[in-house]
Amino acid sequence: MALVVQKYGGTSVGSVERIQAVANRIRKTAQQGNSLVVVVSAMGKTTDTLVKLANEIASNPSRREMDMLLSTGEQVTIALLSMALQELGQPAISLTGAQVGIVTEAEHSRARILQVCTDRLERHLNKGEVVVVAGFQGVSSTEDFEITTLGRGGSDTSAVALAASLKADRCEIYTDVPGILTTDPRLVPSAQLMSEITADEMLELASLGAKVLHPRAVEIARNYGMPLVVLSSWSDCPGTKVVSRLPQPRSLQGMEIAKAVDGVEIDRDQAKVALLRIPDFPGVAANLFGEISNQSIDVDLIIQSIHDGNSNDIAFTVVNKLLKQAEAVAEAISPSLRSSPQATAEAEVIVDRQIAKVAISGAGMIGRPGIAAKMFKVLADAEINIQMISTSEVKVSCVINESECDRALHLLSQTFDIDLSSQKEIIANQYDGEHPPVRGVALDNDQARIAIRHVPDKPGMAASIFSLLAQKNISVDAIIQSQRCHVIDRVPTRDIAFTVAQTDADFACKIIAELNEKIGCGDVSGDKAIAKLSVVGAGMIGHPGVAAQFFAALAQEQINIQMITTSEIKISCVIDQTEGVKALKAVHEAFGLGGTNQVTVGG
Ligand code: ADP
Ligand code: ASP
Ligand code: MG
């Protein structure tokens, strides 16, 4: 007999018939001798409807009242599903998050789970009852017992948190597609089902826009090694397994807040090649990285920040022994860039051997803007200048001077409480077995890009900017500090660009503009008409050519790349929003991910 946690999303419980169908499925699993905890979402589009209703009453409703309102959606479903089970003769009881004891921080609309009390659940399970729990909601740990919600899509997180706390045998997420696909089948009908994916890959995909799983659910599954599977509510197909490496033992207390950073890495064996003032038009990155890949040179970080007039800079890092070769390729290409009709300024190649990469990583960084800011602050306080920054939701990498490497490592491990003896210096290929270079592609249309020009190139600047955003609770993704250097009033400056949720963009621009007056940066501009397109695959490590193929697919469609940022297992490009879906289709196709088997969406 197994203990199983199942979660059914909004579409799966969207009507009376669907609730009855779900009840039948649950009944069948229970009759096979399993104990069951079932987590449900609000019916259909209920949550969206409630949000609209609130917006008709208030332009900026309080987060507390929003939680009060939105949590009602799930409460309807648990009662109805429980009734449907009882109608089938299956003993069942519904419980709200507070009744279970899903204890969260008192942070309305984005609360993190601190712990899940299991006593009451176990009592009901022992009586042979199916326990139906309201997803997406919890109760604050404060004495007021506030109702909190976990953030949109958070029922997945409720389910995995319950499974981990109950030490369930597995957690099954039932939804309106047959599992995790190579991309969103609503946008690309040729998307194919995958039988499995690593938790690290899914974490990247989920935080880059693949909303089939809430990223925090993947984080908990990974941290506690919880077997997780995503499958269809209307078929018996096996779905997609999310596989985790064997986790380090971890307390269930402080579940989502205990350790935001679980690794500090340094890589001394890095050298930087930068192409400055190259023309900003489709095909330049494809051409450069195509040549690099022809020579089998594996690049690590690739960073392209915002354009400057009609030109741009691209910087990338390679291991030291490949520097000469990479430089030769860049030098060979730059004359053709200079003579191209779009050329506006002198393209130039610079190299630097004296660099190192220092990175912090951990899934707990998702949605916690203070972590990257803290890293920048630690480096700033130690007078360590950050030359380039590249971030993903789960990793922040900074290029610094090699001579500062040991100090940076020491300070960061101290700050984030990382035991260095358990860390490998370079976490190179930590993914055993065969993995495709690209597992999936995700498009995020809900981001905006903010650019700050002419930020003085001295320690502390990134720290001031991102600490301020963190204080205002604005989550930042894809921070890119460019290579380009402008000297203004004899002070060297660089541009910093990053992406934020569209809803935060105006506020972020406003507070940075205010800060600018104090720290002396140039213009701040926001652009909401962007899309972020990302390819993810554990097999891209040590597999030169993935970036080239990605950029070439965009170039072929004449799509200009506005920014590039990479981590070990993903490459993201910021492009014009109107070209998002076209780009997604082209890139999905270019990596051979499409198939002729069309999956059913929506049941
Ligand atoms: P639920 O209500 O069951 O939680 P969601 O709407 O949150 O369902 O998530 C399922 C949806 O995620 C699918 O209908 C699909 O459109 C979308 N999606 C985006 N990316 C992917 C992907 N890579 N694989 C599968 N579905 C995806
Ligand atoms: N009902 C909530 C939402 O729509 C939570 C969920 O479905 O996961 O965001
Ligand atoms: Mg969902």
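Residue numbers start at 1 and run along the sequence shown. Counting starts at 1 for both ligands and their atoms, following the listed order. When reading the values below, keep in mind they use all heavy atoms of this one structure, side chains included, and skip hydrogens, waters and symmetry mates.
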Legend entry - Minimum-distance protein heavy atom relative to atom 2 (O) of ligand 1: G10 N, 3.1 Å

Inset, instruction - Would you mind checking if R120 and E122 are paired as a salt bridge, meaning a charged N to carboxylate O distance below 4.0 Å? - result: no

Legend entry - Shortest protein heavy-atom distance from atom 3 (O) of ligand 1, along with the residue and atom involved: T175 OG1, 2.6 Å

Inset, instruction - Would you mind checking if R245 and D200 are paired as a salt bridge, meaning a charged N to carboxylate O distance below 4.0 Å? - result: yes

Legend entry - Residues R64 and D144 bridged, charged N to O under 4.0 Å: no

Inset, instruction - With heavy atoms under 4.0 Å as the rule, classify the contact between K211 and ligand 1 as side chain, backbone, both or neither. - result: both

Inset, instruction - Return a yes/no value for S41: is any of its N or O atoms, backbone included, closer than 3.5 angstrom to an N or O of ligand 2? - result: yes

Inset, instruction - Look at ligand 1 and say whether G179 reaches it with a heavy atom at a distance under 4.0 Å. - result: yes

Inset, instruction - For E201 and I569, indicate whether the former's side chain and the latter's backbone hold a donor-acceptor pair under 3.5 Å. - result: no

Inset, instruction - For atom 1 (N) of ligand 2, find the nearest protein heavy atom and state the residue, atom name and distance (0.1 Å precision). - result: E74 OE2, 2.7 Å

Legend entry - Salt bridge K532-D446, side-chain N to carboxylate O under 4.0 Å: no

Legend entry - Closest protein heavy atom to atom 27 (C) of ligand 1, given as residue, atom name and distance to 0.1 Å: V212 CB, 3.6 Å

Legend entry - Donor on one side chain, acceptor on other, T149 and S109, under 3.5 Å: no

Legend entry - pair I93-V132: side-chain heavy atoms closer than 4.5 Å: no

Inset, instruction - Compute the shortest N/O to N/O distance between T182 and ligand 1 and return yes if it is under 3.5 Å, no if not. - result: no

Inset, instruction - Work out whether the distance between some heavy atom of G153 and some atom of ligand 2 is less than 4.0 Å. - result: yes

Inset, instruction - Measure the distances from the heavy atoms of G154 to every atom of ligand 2 and state whether one is below 4.0 angstrom. - result: yes

Inset, instruction - Decide whether S62 and E65 meet the rule of one side-chain donor and one side-chain acceptor closer than 3.5 Å. - result: no

Legend entry - Contact check: L181 vs ligand 1, nitrogen or oxygen atoms, below 3.5 angstrom: yes

Inset, instruction - Examine distances only and state if a side-chain atom of N34 and a backbone atom of A2 form a donor-acceptor pair shorter than 3.5 Å. - result: yes

Legend entry - ligand 2 N/O within reach of D156 N/O, cut-off under 3.5 Å: no

Inset, instruction - Output the list of atoms in ligand 1 that are nearer than 4.0 Å to some heavy atom of A210, sorted by atom number. - result: 20 (N)

Inset, instruction - Verify whether one side chain among T104 and T148 offers a donor that lies under 3.5 Å from an acceptor in the other. - result: yes

Inset, instruction - Specify the protein heavy atom at minimum distance from atom 15 (C) of ligand 1: its residue, its atom name, and the distance to 0.1 Å. - result: D184 OD1, 3.4 Å

Legend entry - Nearest non-hydrogen protein atom, atom 4 (O) of ligand 1: K7 NZ, 3.0 Å

Legend entry - Side-chain donor-acceptor contact under 3.5 Å, H588 with T182: yes

Inset, instruction - Assess the side chains of Q137 and S71: does a donor N or O sit below 3.5 Å from an acceptor N or O? - result: no

Inset, instruction - Considering heavy atoms of the protein only, find what lies nearest to atom 13 (C) of ligand 1 and give residue, atom and distance to 0.1 Å. - result: D176 OD1, 3.4 Å

Legend entry - Cation over ring face, R25 and W234, 6.0 Å, 45°: no

Legend entry - Under-4.0 Å heavy-atom contact with ligand 1, by part of H214 that carries it: neither

Legend entry - Proximal atoms of ligand 1 relative to R186 (non-hydrogen, under 4.0 Å): 14 (O), 15 (C), 16 (O)

Legend entry - Ligand-side contact atoms (ligand 2) for residue partner S155, heavy atom cut-off under 4.0 Å: 5 (C), 6 (C), 7 (O), 8 (O)

Legend entry - Closest to atom 4 (O) of ligand 2 (judged by heavy-atom distance), picking from H214, R152, K211: R152

Legend entry - Mode of L205 contact toward ligand 1 - side chain, backbone, both, neither (heavy atoms, under 4.0 Å): neither

